[in-house]
Amino acid sequence: MSVSRHARRRVGTAAAFLLPFALLFAVVYLAPIGYTVYESLFKLHRDGLGLSAPTKVFAGLGNYADALHDKDFRGSLLRVLVIGVVQVPVMLGVALLLALLLDAKTTLFKRFFRLAFFLPYALPGVVGALMWSYLVAPGLSPITAAAHGLGLHLDLTSDAMLAPTIGNMLTWAWTGYNMLIIYSALQAIPPELAEAARMDGCSAWRIAWHVKIPIVRPALVLTTVFSIIGTAQLYNEPAVLQHVAPNLSSSYTPIFAAYNAVDDNNFGYAATESVVLAVLAFVLSFGFLKLVQRRGEVL
Amino acid sequence: MRSRQIRTVAMTAAVAFVAVLTGCSSGSTGAAQSPAAAAGPVKLDFWGWAPGYDQSVALWNKAHPDIQVTFDKTPSGSKGGYTKMLTAAQAGNAPCLGMVGYETMPSFAAAGALMDVTSYMAPAQSQFAAWTWNQVTIGGKTFGAPVDTAPMALIYRKDLFAKYGITKPPVTWDEYAADAAKVHAADPSVALGDFGNDSYNYAGLAWQAAAPWFGTGGGSWQVSVNSAANRKVANFWQGLLDRKLLKTDPSYDPSLYADMASGKILSDVNAVWDTPIVASSVKGTSGKWAVAPMPVWDANNPVYGNDGGSATVVLKGCAHPKEAAEFATWMSTDPASVSNLIKVTGIYPAATSALANPALSQPDPFYGGQVVFDVFKAETPHIDTSWIWGPTMTQTATDLGDGLGTSAKGSTRLTDVLNTVQSKTVAQMKQQGMSVS
């Protein structure tokens, strides 16, 4: 009897600790998701000119069909996909390289470089984006001016250069952060491993390739998943860049498109676009996880 | 990576949704919830962004202890102010009063965000210019009081016009093009004007050319953004862009004012409310500017454009519509309020009695002591007042703004932009359940 009372009290204690979390989780996480999905199933119904208050009618998957036919929305998804496919590997490659350099025994000024690589992440994202937008703005850009001095006509905000410019902003801001995660994983490698390899006559590069990189693979997988989710939510950089590049379309990324729908008072459609984006981010990040897991590696 | 960004976005979204769910959001306490029978003064919230509105509100509050208005400054309409009002109306906690441009009135009506105050407003009708009354009356229901209209003019550098051999400001668009070529020939780094990316400024140019975008008939909308008349306007500007005769700084951007301050851009075709904006943006060149009528298509039959004009509207759910309508009428007609709005906000009043306001005949030192309102006053009878706005203007303006931006870069042609805007506008109207013919 005393045991069951003890157990009951333990359950009670656990519940008391869990309740605030569960409540917050339900209110700020589950409820908004549920509400978004619910909203996405409704359309506004109007008569003729539609100049009086509309009624909300159940539309089933009507909004989803519209979203899939929406050329702008599809374009924004594709654009972000292309930016991600190019930018994420470049960024993670650089992050890995920097982490390996920092980890190398012979590297000088380790602490300085560690801080220097990480510094861009310490800046608020919008500040970084503002800085870059001034660095690429036509008429202000020192880069364009320098290129002009060399006889090159460079416009970093031309239609074709927008995606590379945004990719550069992202790489600049996030490489240090990813580098730190990979570097931490490197730090956890027992020194004996590298020691043994070195005694077997392994060069520093071969140690990196055959010993270190396979061991930090989980960290690479983790940073890739974060990067996929982050790229899907691309907003800050293009939003700031738009001020100096009015040719950057206002449906440039899926989040832009959803905001536009809110501006148009088309809440159901905005909810639909949000759900599509969330599902896509989920599929891509978990698809990536499944892919690397199938190849015999566990996160 | 980007965990912080993810968190911020998630948090913002969550907070916003919780606010929607629980029906509470910042700045919404006020008239909507307070019972009409409560003791003490009636309290009204008023959302807007124009400078000077707060001073008119202060004048009202001093004279009306029973009805106290609180002015909350929001981001400007196109920068999020409208979204904020619409979202609040959707959530049932909008303020009683809102500042809404004529161009957005149909969109607000289509969202069901406006309150019918016809019975309270009707007595005031005779005090306003007829066409401005039509802008606040949709489908026979009046939703508020007009505040201002926005005739357009040519704001230009007198001294630099003289320097480049332009003896008098261009009267017609042909003269404008010729002057632009003259300036370009003298110094290719200087331009007569700027081709910005502000959709409503462009709308004013179409308005002037009798090139309407919207019409109604038989209970459905007609969209004519790419009509022949609109293509004429587009081809004119495309011609100037092709010859690289204009700068292409984004509208109202620091780069534009930097170019204006350094004499790289000599003029701007803009609305009356832009005159104080230019004055405060290029202070260092005070006294060198002047205002002339905007160039016209036909000198024998001058017609001018309008870029803006706004109303004080009563929003859905207001518990004190009578008092709200009373305030809205007062703000647009009271001499002290009007002269404050003319001086600080730079409005051109919609109330006919206000046209005699002494503030309209004050010389402006920034414009070399010119009485700039005289120009606008002379133009007003020659503005086409039949123009109507569509119910999805936010989207139309966004698409056009995108197109103007790419045209400025030279990657699209304006006539193609008009086609895109046309088809997207029709699609958007259909998506929102309206009938389009």
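Chain A is the first sequence line, chain B the second, and so forth, proteins listed ahead of strands; every chain is numbered from 1. Excluded from the calculations below are hydrogen atoms, water molecules and symmetry mates; all remaining heavy atoms, backbone and side chain alike, are included.
Interface remark: Thr175(A) contributes no atoms to any contact with chain B (heavy atom separation under 4.5 Å). In this structure, the portion of Leu248(A) lying under 4.5 Å from any heavy atom of chain B is its backbone and not its side chain. Heavy-atom distances place both the backbone and the side chain of Asp264(A) under 4.5 Å from chain B.
The candidate with the highest count of non-hydrogen atom pairs below 4.5 Å against chain B, out of Val262(A), Val225(A), Asp72(A), Asp70(A), is Asp72(A). Considering only heavy-atom pairs separated by less than 4.5 Å from chain A, the leading option among Asp259(B), Asp116(B), Thr398(B) is Thr398(B). Counting heavy-atom pairs closer than 4.5 Å to chain A, the top-ranked of the candidates Gly112(B), Ser255(B), Ala111(B) is Ala111(B). Of the listed residues Thr412(B), Asp249(B), Leu114(B), Thr406(B), the one with more heavy-atom pairs under 4.5 angstrom with chain A than any other is Thr406(B). Between chain A and the options Ala110(B), Gly433(B), Ala109(B), heavy-atom pairs under 4.5 Å are most frequent for Ala110(B). Comparing Phe108(B), Tyr82(B), Trp221(B) by how many heavy-atom pairs each has under 4.5 Å with chain A, the most go to Trp221(B).
The structure places OG1 of Thr420(B) at 7.5 Å from NZ of Lys71(A), a figure rounded to the nearest 0.5 Å. A distance of 8.0 Å separates NZ in Lys409(B) from CG in Asp159(A), rounded to the nearest 0.5 Å. In this structure, Ser251(A) OG and Lys424(B) NZ are separated by 5.0 Å, a value rounded to the nearest 0.5 Å. Taking CG of Asp263(A) as the reference point, atom OG1 of Thr392(B) lies at 12.5 Å (rounded to 0.5 Å). The distance from atom CG of Leu49(A) to atom CE of Met434(B), rounded to the nearest 0.5 Å, is 9.0 Å. In this structure, CG in Asn265(A) is found 8.5 Å from OG in Ser107(B), a value given to the nearest 0.5 Å.
Side-chain contact between Gln395(B) and Asn266(A): absent, with no pair of heavy atoms (C-beta onward) separated by less than 4.5 Å. Side-chain contact between Thr87(B) and Phe267(A): present, with at least one pair of heavy atoms (C-beta onward) separated by less than 4.5 Å. Within the 4.5 Å cutoff, the side chain of Gln431(B) has heavy atoms near those of the Lys43(A) side chain. In this structure the side chain of Lys141(B) never reaches within 4.5 angstrom of the side chain of Leu51(A), judged on heavy atoms.
With a 6.0 Å radius and a threshold of 12 heavy atoms from other residues, nucleotides or ligands, Tyr259(A) has its OH atom at or below the threshold. The 12-atom threshold is not exceeded at NZ of Lys244(B), counting heavy atoms of other residues, nucleotides or ligands nearer than 6.0 Å.
Looking only at distances, a side-chain donor or acceptor of Asp402(B) sits under 3.5 Å from a matching main-chain atom of Ser250(A).
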